[in-house]
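In the text below, chain A, chain B and the rest are named by the order of the sequence lines, each starting its count at 1.
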Amino acid sequence: MKPITAPAPEPRNFFQDVHEVVRLVPAGRVTTYGAIAHYLGARHGARTVGYAMMAAHTADQYVPAHRVLNRLGHLTGRLHYATPFAMQEALEAEGIRVVEDRVVAFSELFWDPSVELG
DNA sequence: CCATTGACCCTGA
DNA sequence: ATCAGGGCCAATG
């Protein structure tokens with residue numbers, strides 16, 4: 001018999017889950033923090049997804065964090081790269097056009113994990 | 001242990 | 001239409 005001790009939900013490899021989803025985003029497509037959060041249950045909040053992205057640079061496997069934007073298609077994380085333009089250049093290298101820190105035709109390039117992955 | 005801070009989003013007035 | 005506030009989870013002081 002176990003005492004009351006709250007099972008306390010595992011710290012959850014939430015970061016790893018996020019990284020895994022981001023790795024599934026095809027080149028030339030983009031997704032959002034909120035979409036990932038929603039796909040993973042929407043209970044963790046989009047914020048934590050953003051935090052996971054920050055930790056993405058320490059992940060074992062490569063995580064195309066540049067394909068993750070906020071819900072407006074803005075490159076909110078660009079300042080966290082080696083250079084402020086690294087994110088934009090990475091996107092443009094995949095054929096995505098960026099104007100004023102915003103992805104052009106964002107709604108068309110949007111890749112929703114809840115839809116694509118079921 | 002409490003307070004503050006984030007690569008965010010939604011709701012209500 | 002704009003503006004303010006709360007909530008989410010994790011890390012840091």
Side-chain angles (χ1 to χ4, degrees):
Chain A
M1 280 297 257
K2 279 200 106 85
I4 327 120
T5 17
E10 311 170 8
R12 210 40 105 211
N13 308 336
F14 186 68
F15 286 15
Q16 275 193 315
D17 289 341
V18 173
H19 295 168
E20 186 176 335
V21 174
V22 176
R23 281 198 292 266
L24 295 176
V25 180
R29 302 294 297 278
V30 294
T31 190
T32 70
Y33 305 100
I36 294 172
H38 193 270
Y39 173 70
L40 294 178
R43 301 184 188 88
H44 306 283
R47 258 184 160 178
T48 314
V49 174
Y51 205 84
M53 296 276 87
M54 194 172 157
H57 107 105
T58 61
D60 292 336
Q61 292 189 20
Y62 171 68
V63 177
H66 59 276
R67 296 178 195 146
V68 185
L69 318 167
N70 74 350
R71 76 185 191 92
L72 299 176
H74 264 239
L75 282 59
T76 49
R78 71 188 193 112
L79 296 179
H80 290 262
Y81 284 77
T83 72
F85 285 96
M87 187 175 186
Q88 175 171 343
E89 290 172 0
L91 288 170
E92 290 177 337
E94 299 178 357
I96 298 175
R97 286 193 300 158
V98 179
V99 176
E100 303 273 322
D101 293 339
R102 195 177 71 188
V103 167
V104 178
F106 167 68
S107 58
E108 293 179 18
L109 299 175
F110 178 55
W111 186 88
D112 188 346
S114 300
V115 174
E116 306 294 341
L117 304 179

**OP:** Could you tell me whether A:Ala52 contacts a base, only the sugar-phosphate backbone, or nothing, with contacts defined as non-hydrogen atoms closer than 4.0 Å?
**Re:**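 It contacts nothing in the nucleic acid.
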Please state how far atom [atom1] in [X] lies from atom [atom2] in [N], giving the value in whole angstrom units.
{"X": "A:Leu69", "N": "B:dC8", "atom1": "CG", "atom2": "C1'", "value": "13 Å"}
{"X": "A:Tyr51", "N": "B:dT5", "atom1": "OH", "atom2": "C1'", "value": "9 Å"}
{"X": "A:Asp112", "N": "B:dC9", "atom1": "CG", "atom2": "P", "value": "13 Å"}
{"X": "A:Tyr81", "N": "B:dA7", "atom1": "OH", "atom2": "P", "value": "12 Å"}
{"X": "A:Met53", "N": "C:dA10", "atom1": "CE", "atom2": "P", "value": "15 Å"}
{"X": "A:Phe15", "N": "B:dA7", "atom1": "CZ", "atom2": "P", "value": "13 Å"}
{"X": "A:His80", "N": "B:dA7", "atom1": "NE2", "atom2": "P", "value": "3 Å"}
{"X": "A:Phe14", "N": "C:dA10", "atom1": "CZ", "atom2": "P", "value": "8 Å"}

Would you say [atom1] of [X] has more than 12 non-hydrogen atoms from neighbouring residues, nucleotides or ligands within 6.0 angstrom?
{"X": "A:His74", "atom1": "NE2", "answer": "yes"}
{"X": "A:Arg23", "atom1": "CZ", "answer": "yes"}
{"X": "A:Arg29", "atom1": "CZ", "answer": "yes"}
{"X": "A:Tyr62", "atom1": "OH", "answer": "yes"}

Are there any protein N/O atoms within less than 3.5 Å of an N/O atom in nucleotides 2-8 of chain C, and if so, which ones and at what distance?
unit_1	atom_1	unit_2	atom_2	d
C:dC8	O3'	A:Arg43	O	2.3

**OP:** Sticking with atom C1', work out how far B:dA7 lies from C:dC3, rounded to a whole angstrom.
**Re:**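 Looking at atom C1' only, B:dA7 and C:dC3 are 24 Å apart.
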Subject >> Whole-angstrom distance between C:dG5 and B:dT4, as gauged at atom P >> reply: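 Nearest-Å result for C:dG5 against B:dT4 at atom P: 16 Å.
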**OP:** Let me see the working for A:Arg67 and A:Glu94 under salt bridge (Lys or Arg N to Asp or Glu O under 4.0 Å), right down to the final yes or no.
**Re:** CA-CA 10 Å; A:Arg67 296 178 195 146; A:Glu94 299 178 357; 2.7 Å; yes
Original post:
When A:Met87 is tested against each of A:Asp101, A:Leu75, A:Thr76 for side chain to side chain contact (heavy atoms under 4.5 Å, CB included), which residue passes?
Top reply: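 With A:Met87 as partner, A:Asp101, A:Leu75, A:Thr76 yield a single side chain to side chain contact (heavy atoms under 4.5 Å, CB included), made by A:Leu75.
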**OP:** For A:Glu20 and A:Gln16, test the side chains for any donor-to-acceptor distance below 3.5 angstrom and give the result as yes or no.
**Re:**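 Checked: A:Glu20/A:Gln16 side chains show no N/O donor-acceptor pair below 3.5 Å.
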